[in-house]
Every structure is written in C-alpha cells, then in structure tokens.
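Notes to accompany the following structure.
One-based numbering, in listed order, for ligands and for the atoms of each.
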Amino acid sequence: MIRMNENYLKLQASYLFSEIAKRVNGFVAQNPDKKIIRLGIGDVTRALPTACTTAFHKAVDEMAQDATFRGYGPEQGYEFLRTQIAQHDFRARGADINAEEIFISDGAKCDTGNFQELFAADTRIAVPDPVYPVYVDTNVMAGRTGAWKDGRYEGLVYLESTEENDYVPALPKEKVDVIYLCFPNNPTGRTVTKAQLRPWVEYAHANKALILYDAAYVAFMRDDSLPQSIYEIDGAQDVAVEFRSFSKTAGFTGTRCAYTIIPKRCKVYDSQGNPHSLHALWDRRHSTKFNGVSYPVQRAAEAVYSPEGQKQIRELSDYYLVNAARIRETLGKLGFKCVGGDHAPYVWVKARMDSWKFFDLLLQKANVVCTPGAGFGKCGEGYIRFSSFNSHENVELALQRVAEALRDL
Ligand code: MLT
C-alpha cells in the first residue's frame with residue numbers, strides 16, 4: 001500500500017493564491033460581462049526590458065547553431081551571470097560576496113521552499129506573522145509543525161508584525177534555530193534600517209541560528225541608507241542565506257530566474273555540535289536535484305546588469321511605484337490606515353473588517369481583486385494587501401471603483 005505523507009493533511013485546503021484564483025474564476029463564470037482588475041497576486045504585467053529580450057534572442061540564435069549550441073550548463077549557474085550579480089548587487093555596496101557563493105535557480109519561491117530540506121526534523125523555526133505562506137507550508141510538509149489550531153501551526157514560533165511594533169517584529173523570546181525574514185516585506189511592504197537588522201544577526205551568532213533572508217523586492221527600495229542586503233550588516237556572512245529574484249526586478253515571473261547566496265563562512269551543525277559548510281550541503285542538493293536554468297534565460301538575466309538593462313529595470317520599478325503611491329494615497333483619503341508602497345510594490349491596508357469579507361466585497365462590488373491579509377497569517381486578519389503590478393489605467397479605474405464600493409460603509 002502506498003502511504004501518503006500525512007503532514008499534508010495538516011495543510012489548509014489550498015495554497016493562498018490558488019484559493020483566490022478559485023474564488024475569482026467562480027465570480028467570472030457567474031458574471032462573464034464584468035471586467036475584473038487584478039491587484040491580488042504580485043505578478044508583473046509589463047514586458048521584459050528590451051536589453052533582456054535582445055540578449056534572449058541572441059542566445060536562442062546561438063542554440064540554433066551546432067557551433068554555439070549548449071547542452072547542460074553548470075547546475076550552479078553560468079559564471080558570466082554569477083560574476084555580474086556578485087559585483088553589482090553585493091560588492092558595489094561593500095558586501096564581500098563572491099561569484100562561487102551564488103546559486104542560480106528558477107525561482108525564489110522554489111529556493112525558499114526547498115531550503116528547509118537541509119535542516120534536521122526537530123529544527124525550531126521562527127516565521128514572521130503575517131508571512132509569505134511558502135515558508136510556513138513547506139515546513140508543515142516536512143513535518144516540522146504540529147496541527148493547525150486557532151489560525152496557527154503548533155510548534156512554529158510566530159514573530160508578530162503589527163501596527164503596535166510598526167510591522168517590524170521583535171526578536172524571539174525563546175531559542176530558535178532558523179528565522180525567516182523578508183525585507184522589503186511581503187505582504188506589509190515595510191523595510192528595516194541597518195540598526196533594526198543588526199540585532200537579528202547578533203541573535204543568530206549568539207544562538208548558532210540561521211537567518212533565511214528574502215530580498216526579492218529589493219529593486220523597489222528608494223532610500224539608499226537602508227540595507228539592500230543582509231550582508232551589509234557585519235557578521236551576517238556567518239549566519240545568513242539571502243534569496244533574490246529577477247521576477248519583480250526585471251519582469252521575469254514567466255521567464256524564471258532567481259539566485260540564492262550562501263556565503264562559504266556559513267555553518268550548520270551535526271548532532272555532535274560539529275560545524276559543516278552550508279554551502280557544500282546546498283551545492284550537493286542543488287547538483288543532485290536541479291540541472292540549471294536555461295542558457296538563454298541566464299543571458300537575458302545577465303543583460304539586467306548592462307547600462308541599458310539597469311536603466312530599463314529602474315523604469316519598470318518606478319512605473320509600479322507610481323501605482324503603489326496612488327493606491328496608498330487613495331485608500332488613505334478614504335480613511336484607511338496604510339503602510340508600504342514607498343519601497344515595495346505592496347500596500348498593506350487596515351480593512352476595518354474581516355479580511356475575506358473585504359476581499360469578497362471588493363470582488364463583488366468593485367470587480368477588483370486584492371489579497372486578504374488573513375491568508376498571510378493570524379496577524380493579517382483585518383487587513384488586505386493591494387499589489388501595484390498593473391497598468392496606470394487599470395489602477396486608476398480600480399481605485400475609482402473601490403472608492404465607489406466603499407462609499408457607503
Ligand atoms: C505574492 O503575491 O505574494 C507573490 O507574487 C507570490 C510569489 O512571488 O510567489
């Protein structure tokens with residue numbers, strides 16, 4: 001008899017964005033004449049930068065000739081891309097990261113989800129609340145939690161990000177082994193200063209813990225004094241892994257390319273307390289289970305770092321930030337408290353009602369899709385998240401409809 005992994009029985013019925021898609025599809029089937037505007041899942045809507053498509057086309061042409069064709073590439077990614085990333089994203093900002101410490105992959109969702117495979121079954125995990133659900137669900141699947149009870153999984157340590165702490169959680173009171181952090185934050189859009197990030201690195205040192213730092217939204221930061229990478233904090237290279245992606249930076253959600261940084265100094269420990277290289281562990285896992293991102297996609301990603309690429313990706317994130325500012329301004333004028341949207345593509349809005357109820361109200365009355373905060377955790381109840389990934393025209397129309405729908409509340 002083939003037996004199932006019963007940890008899957010603990011999971012909530014469906015993944016957040018699948019549940020939203022199901023509700024929206026149901027509404028569309030009932031109301032085929034309505035024009036839905038999607039400000040829910042953070043999926044980009046603008047075309048790839050021309051610097052990237054030019055490089056992409058050229059690489060596809062290379063694949064069409066025997067003389068320049070490429071088969072399997074290095075699982076860790078091509079040197080040409082890893083070198084550019086190390087230089088532009090880290091060394092240029094004073095973070096001493098080398099090309100060999102960078103692993104190219106097909107997505108930060110996969111990497112943040114897969115990374116927990118390297119840890120022991122009884123690893124104590126801390127996650128922010130609200131949180132990107134992938135961090136939680138993948139640990140549930142691996143059996144690191146108990147049952148779902150009162151909106152949370154037993155056995156996880158939740159780090160609350162609320163209005164009271166300005167959406168930056170306090171350090172865990174108990175001892176944990178792994179801490180997930182995400183800045184600029186999904187879903188709140190909140191950023192942190194170096195002074196706010198430093199204690200986390202100190203905590204990890206003191207407790208031999210590891211920080212998994214998700215920086216997928218870094219391209220939206222506009223205050224240069226804020227840390228773009230956790231490696232801008234002294235000592236972070238011993239205790240932190242960082243996840244980055246071209247998805248939101250360069251419109252690669254459908255193209256797929258991301259990267260994970262594992263400094264060679266970073267250690268994990270066996271049951272006897274002996275240190276082992278985390279880099280070597282991930283390298284072993286990655287080369288066993290992954291055969292690399294396609295050559296044309298890596299060439300397209302490399303073009304992000306050309307002078308034209310840099311200019312074009314800046315225009316892309318500027319475009320979405322205009323939307324975010326409009327969403328925040330409009331909801332603010334309607335009397336809703338909002339955070340985010342200034343260094344992130346998300347605006348986190350205090351809904352003043354149950355968040356799925358607010359979601360349904362906007363869907364039914366405004367035909368606008370947002371993301372209910374409750375889907376990100378217990379602390380997200382009573383909030384909704386607006387994504388700024390859409391055209392200016394659609395965002396303006398959505399905001400008019402939202403204002404209309406909320407007028408009589
Ligand atoms: C989101 O909307 O939170 C993101 O698009 C999800 C993701 O990047 O996987």
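Ion pairing between a basic and an acidic side chain is recognised when a charged N comes within 4.0 Å of a carboxylate O; D238 and R265 show such pairing. Salt-bridge check for R284 with E117: failed, with every basic side-chain N at 4.0 Å or more from each acidic carboxylate O. Salt bridge K378/E381: absent, no basic N to carboxylate O contact under 4.0 Å. Electrostatic pairing of D360 and R23 counts as a salt bridge here, judged by a charged N lying under 4.0 Å from a carboxylate O.
In terms of protein heavy atoms, atom 4 (C) of ligand 1 is closest to K248 NZ, 3.5 Å. Nearest to atom 6 (C) of ligand 1 among the protein's heavy atoms is Y132 CE1, 3.6 Å.
The backbone N or O of G340 sits less than 3.5 Å from a side-chain atom of R328, completing a donor-acceptor pair.
There is a side-chain donor-acceptor pair under 3.5 Å between N186 and R385.
Ligand 1 places these atoms under 4.0 Å from at least one heavy atom of Y346: 1 (C), 2 (O), 3 (O), 4 (C), 5 (O). Interface atoms of ligand 1 facing I41, defined by a heavy-atom separation under 4.0 Å, are 2 (O), 5 (O). Distances below 4.0 Å separate heavy atoms of F17 from the following atoms of ligand 1: 1 (C), 2 (O), 3 (O).
Heavy atoms of F376 found under 4.0 angstrom from ligand 1: none, in either backbone or side chain. Within the 4.0 Å heavy-atom criterion, the part of N186 lying near ligand 1 is the side chain and not the backbone.
Close N/O approach between R385 and ligand 1 is found [any backbone or side-chain N/O within under 3.5 Å].
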